[in-house]
**Student:** 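I am attaching a structure below and will ask some questions about it afterwards.
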Amino acid sequence: MPSAATAYDRAVTNPEPHLDPAALAARFPAGFSWGFATSAYQIEGAAAEDGRGPSIWDTFSRVPGAIADGETGDLACDHYHRFGEDVALMAGIGAKAYRFSVSWSRVQPAGIGPVNARGLDFYDRLVDALLAAGVEPLVNLFHWDLPQALQDRGGFADPQAVGWFAEHAGVVASRIGDRVSDWMTFNEPAVFAFLGHADGIHAPGLRDWPTAMRVADNQLRAHAAASAVIRAQVRDARIGVAIDVNQVVPATDSERDRRAAEQWSSGRDAWFLDPLFGRGYPQLGLEAHRAAGHLDGLELSDPPAGELDYLGLNYYRRDTVSARSDRAFDFEVGTRAGSNQTQMGWEIAPDGLREVLLELNREYAPREIVITENGAAYPDSVDSDGRVRDDRRVAYLAGHVASAAEALAAGVPLTGYHVWSVLDNYEWSLGYTRRFGLVHVDFATQRRILKDSADWYRRLIAAGR
Ligand code: FCB
């Protein structure tokens, strides 16, 4: 890690007071959990090593035209081999927690049945390395990389997926549950269900709404089944799920746009949140999905409540919804022209984070909320002096941390914040064309360089109580 030491010594000054990490840190209570989030397929690489079986992302990333730069996660950040260096980087920044996901097909190559000891060993070593470095692990059991063998049996659209997932949870919990108390069952079930099975832009690349709705339903049931397994095996387990809720606004004040925005919120965000909080599927979402034909052939009953110890929130942007017609679910979700955007084309809306936190707290009163992802992609480059001056990322993070502080002051039980992400990594269908890391990765050499944002985050955490 030659670059780390020099980066730590650097005095990065933030002339603008609203970026001042010490002032921001003072607005958070002692013990607040500052961390990082990653996912297995996006960083691990070692796709065919030590007995790992293929996942649907290994398959999908090879479909011609599916990935912007035609790349796969075969190597990614080579984290499978470099996890020691990466843990040291996070510890050097001062991270208190690290959210990572388990590659299901590394642990069980066929998804169910035989366990791959070498695959499980990797997570065992990772957990030990984190604990030795003083970083609390938060284990996410599913970040979209379903074993291909299970997709071949029908994937998450098949009700058997509930049992498959519970088995997966048991295999992982029985190995590392003695040292890990923080768990997450699913990351962004809406993205997996809708982008993967209705829009076809994520693995497994299907375009069929009723299939997507089956996947959504089975994920909610699988959450409950896996939670029971974890609770039976792990003493004092804290179990949550990460839901992506961005700020949703209608494009205009027109009745049509407002209705479209409500349908989107209800048919997407509340579609998962309402059942998780024991309310069953939301009425408006049911009406909209039914009218659009998304529930054709389905007999839905309400899934069991999620009994969440904390609600994970992934927040990135403001989404603007405009109706295309008066038909149900016929709208566009986009970005206001002329708005300030990241390289993803996502509208930067730090205030929206406060609004979403307040709204979630008002509506569902979760025991705790953890911001399980927040971050920004920019086309960073390494300057000739070896430094990565990612001022825009610092401004993005500072704005959102300040907004989170406002929600906290207003009574939201916020206990943690995870930056997406520690390393530049494989951004799904955008391949390696988007950099989200606070640490720059040269994908040709795997050299890591701490960006200015890493220094900023280090100073924020160090100033905390
Ligand atoms: C989230 C995903 C994460 C990453 C960020 C940018 O939707 O959970 O894997 O792709 O977006």
Side-chain angles (χ1 to χ4, degrees), residues 35-45 55-57 60-61 66-69 71-73 76-77 79 98-104 138-146 184-199 201-203 216 219 240-248 268-269 272 311-319 333 335 341-349 352-353 356 370-380 390 392-393 396-397 400 417-439 441 453:
F36 285 109
T38 66
S39 92
Y41 190 70
Q42 295 181 273
I43 63 166
E44 282 182 4
S55 81
I56 57 174
W57 270 95
F60 185 72
S61 60
I67 311 297
D69 57 4
E71 295 281 350
T72 71
C77 305
H79 172 75
Y98 173 48
R99 181 203 133 178
F100 64 92
S101 80
V102 173
S103 157
W104 186 344
L138 192 178
V139 175
N140 169 20
L141 288 169
F142 189 72
H143 204 120
W144 311 345
D145 47 355
L146 186 73
M184 224 176 88
T185 52
F186 286 94
N187 174 71
E188 302 189 355
V191 170
F192 179 67
F194 297 177
L195 265 56
H197 303 79
D199 301 335
I201 61 169
H202 276 191
Q219 284 182 100
V241 55
I243 305 293
D244 50 316
V245 186
N246 291 298
Q247 189 182 25
V248 175
R268 185 185 189 283
D269 302 339
F272 294 88
L311 173 64
L313 168 66
N314 293 358
Y315 177 90
Y316 286 95
R317 60 177 187 264
R318 176 181 297 138
D319 284 336
V333 183
T335 309
Q341 300 169 12
T342 67
Q343 197 195 356
M344 294 295 277
W346 293 348
E347 181 177 346
I348 302 172
L353 174 58
V356 167
V370 176
I371 296 171
T372 35
E373 284 185 29
N374 176 239
Y378 287 107
D380 308 308
D390 58 338
R392 287 176 295 180
R393 183 173 293 101
Y396 179 98
L397 295 174
H400 286 77
Y417 174 90
H418 293 257
V419 173
W420 183 273
S421 183
V422 56
L423 303 169
D424 293 337
N425 61 48
Y426 184 75
E427 179 49 33
W428 306 114
S429 58
L430 295 169
Y432 297 101
T433 66
R434 298 292 186 279
R435 294 180 177 275
F436 272 94
L438 302 203
V439 178
V441 177
S453 56

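All ligand and atom numbering here is 1-based and tracks the order in the structure. Just so you know, these numbers use all the heavy atoms, side chains as well, and skip hydrogens, waters and symmetry mates.
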**Student:** Is a donor on one side and an acceptor on the other found under 3.5 Å between the side chain of R434 and the backbone of W428?
**Tutor:** no
**Student:** If the condition is ring-ring contact (aromatic ring centres under 6.0 Å, His included), which residues does H400 pass it with, not counting sequence neighbours?
**Tutor:** Y315, Y396
**Student:** Mind checking what makes ring-ring contact (aromatic ring centres under 6.0 Å, His included) contact with F100, not counting sequence neighbours?
**Tutor:** Y98
**Student:** Tell me, which residues have any heavy atom less than 4.0 Å from some atom of ligand 1?
**Tutor:** Q42, H143, W144, N187, E188, Y316, E373, W420, E427, W428, F436
**Student:** Among I371, V370, N314, find the one that has a side-chain contact (heavy atoms from CB on, under 4.5 Å) with H418.
**Tutor:** V370
**Student:** Taking salt bridge (charged side-chain N to carboxylate O under 4.0 Å, His left out) as the test, write out the residues that go with D390, two or more places apart.
**Tutor:** R393
**Student:** Would you kindly say whether T342 and Y316 are connected by a side-chain donor-acceptor distance under 3.5 Å?
**Tutor:** no
